[in-house]
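First comes the structure, then the notes that go with it.
Source: prediction; values computed, not measured. Start at 1 and go down the list; that is how both ligands and their atoms are numbered.
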Amino acid sequence: MTGETDHKLRGDYSRMRPDYTVDQDWDAYKPAEHELWRRLYARQLSLVPKYASEEFNATLATLDYGKGIPRFDVINAKLGPATGWQLVAVPGLLPDLTFFEHLAHRQFPVTVWIRTPEEFDYIVEPDIFHDFFGHVPLLFDPMFADYIQAYGRGGVKAHALGAIEMLARLYWYTVEFGLIETPRGLRAYGAGILSSGGEISYCIESPNPNRIGFDLLRIMQTGYKIDTYQETYFVIHDFSQLFEATAPDFAPYYDQLRGREPHAPSVVLATDKVYHRGLAPARAA
Ligand code: PHE
Ligand code: CO
């Protein structure tokens, strides 16, 4: 994800290449880190059948990465033939333009370090568990894989147009915290939800947050919080809706929205398609 952060970044940026990639150095992971991975994985595995989108669950079942921290080269051997994507190892959050350029080239940056045991339930900054468990399965979905690449290309453009903040909100409310309508009710496809032990049920079952129909321009002018559960989730019908809504040239949208005061994350507008109106602001577990 892009970094709307102002705290000091974790991760070792001293040995990276100019494109911010590093070697995964899988042999350097300690037994306790593999053990933490297994615990995180087992917990999420017990939750995704009920709360995750079908596309996510279908792929997860074909991947075998519950035994310990996965090797990127092993996954890449499957991912390449499936959708042409490759994982690249990175020290942590990247500068916006670097991040966009990787996505535009169908390279998904995955953080190499894992959280501490104290962060089992909640972490603000993306670690390998978030990046891998949350993002990788949907890179196997052809439509979603194309969406992420289009987003990366759009990011390079937005960077030149000074519109990254608007575009980052779209990433946040779709790739990270998106919900999708299914015959079995709302499900999560956003990676920030899928890798979270608490938010995965919260986003579907809690009466507190708003659940509102996807609306591109509305999302691009809605702020977000990075350190609590979300106060609003946006719901898509399917991935083709996402892909089609984002296909037009955004330059006129940026011109239209530039300089406007963003909506607060908790606000419900008269024009919103409301699935559920939230009762209370979000609070992290
Ligand atoms: N169509 C967008 C543009 O012209 C690019 C984009 C695609 C952005 C998909 C986000 C997601 O800028
Ligand atoms: Co992410």
**Q.** Heavy atoms of other groups near His263 NE2, more than 12 under 6.0 Å
**A.** yes

Q | Which of the ligand 1 atoms, numbered from 1, are nearer than 4.0 Å to a heavy atom of Asp249 | A | 4 (O)

Q: Using 2.8 Å as a strict upper limit, say whether an N, O or S atom of Asp131 approaches the Co ion (ligand 2) that closely.
A: no

Q: With Phe234 as reference, evaluate Tyr171, Tyr173, Trp172 under the ring-ring contact (aromatic ring centres under 6.0 Å, His included) test and give the passing residue.
A: Tyr173

Q: State, with a plain yes or no, whether a side-chain heavy atom of Ile180 is found less than 4.5 Å away from one of Val235.
A: no

Q: Starting from atom 8 (C) of ligand 1, locate the nearest protein heavy atom and write down its residue, its atom name and how far away it is, to 0.1 Å.
A: Phe250 CE2, 3.5 Å

Q.
Give the atom numbers and elements of ligand 1 that come within less than 4.0 Å of a heavy atom of Leu170.
A. 10 (C)

Q) In terms of heavy-atom contacts, does CZ of Arg258 have more than 12 from other residues, nucleotides or ligands at under 6.0 Å? A) yes

(Q) Does ligand 1 come near enough to Tyr151 that some N or O of the ligand is less than 3.5 Å from an N or O of the residue? (A) no

(Q) Just by distance, no angles: are the side chains of Tyr147 and Thr174 close enough, under 3.5 Å, to form a donor-acceptor pair? (A) yes

Q.
Could you tell me, atom by atom, which parts of ligand 1 come under 4.0 Å of a heavy atom of Lys157?
A. 3 (C), 4 (O), 12 (O)

Q.
If the condition is side-chain contact (heavy atoms from CB on, under 4.5 Å), which residues does Lys50 pass it with, not counting sequence neighbours?
A. Glu205

Q | Enumerated ligand 1 atoms positioned under 4.0 Å from heavy atoms of Ala247 | A | 1 (N)

Q | Residue selection (non-hydrogen contact nearest atom 5 (C) of ligand 1) among Gly154, Ala158, Pro252 | A | Gly154

Q: Taking the Co ion (ligand 2) as the reference point, name the nearest N/O/S atom of Glu176.
A: OE2

(Q) My understanding is that we take every heavy atom of each candidate and find the minimum distance to atom 1 (N) of ligand 1. Doing that for Ala163, Pro248, Gly152, Ala245, which one comes out nearest? (A) Pro248

Q. According to the interplanar angle, ranging from 0 to 90°, do the rings of Tyr189 and Phe239 count as parallel (below 30°), tilted (30 to 60°) or perpendicular (above 60°)?
A. perpendicular

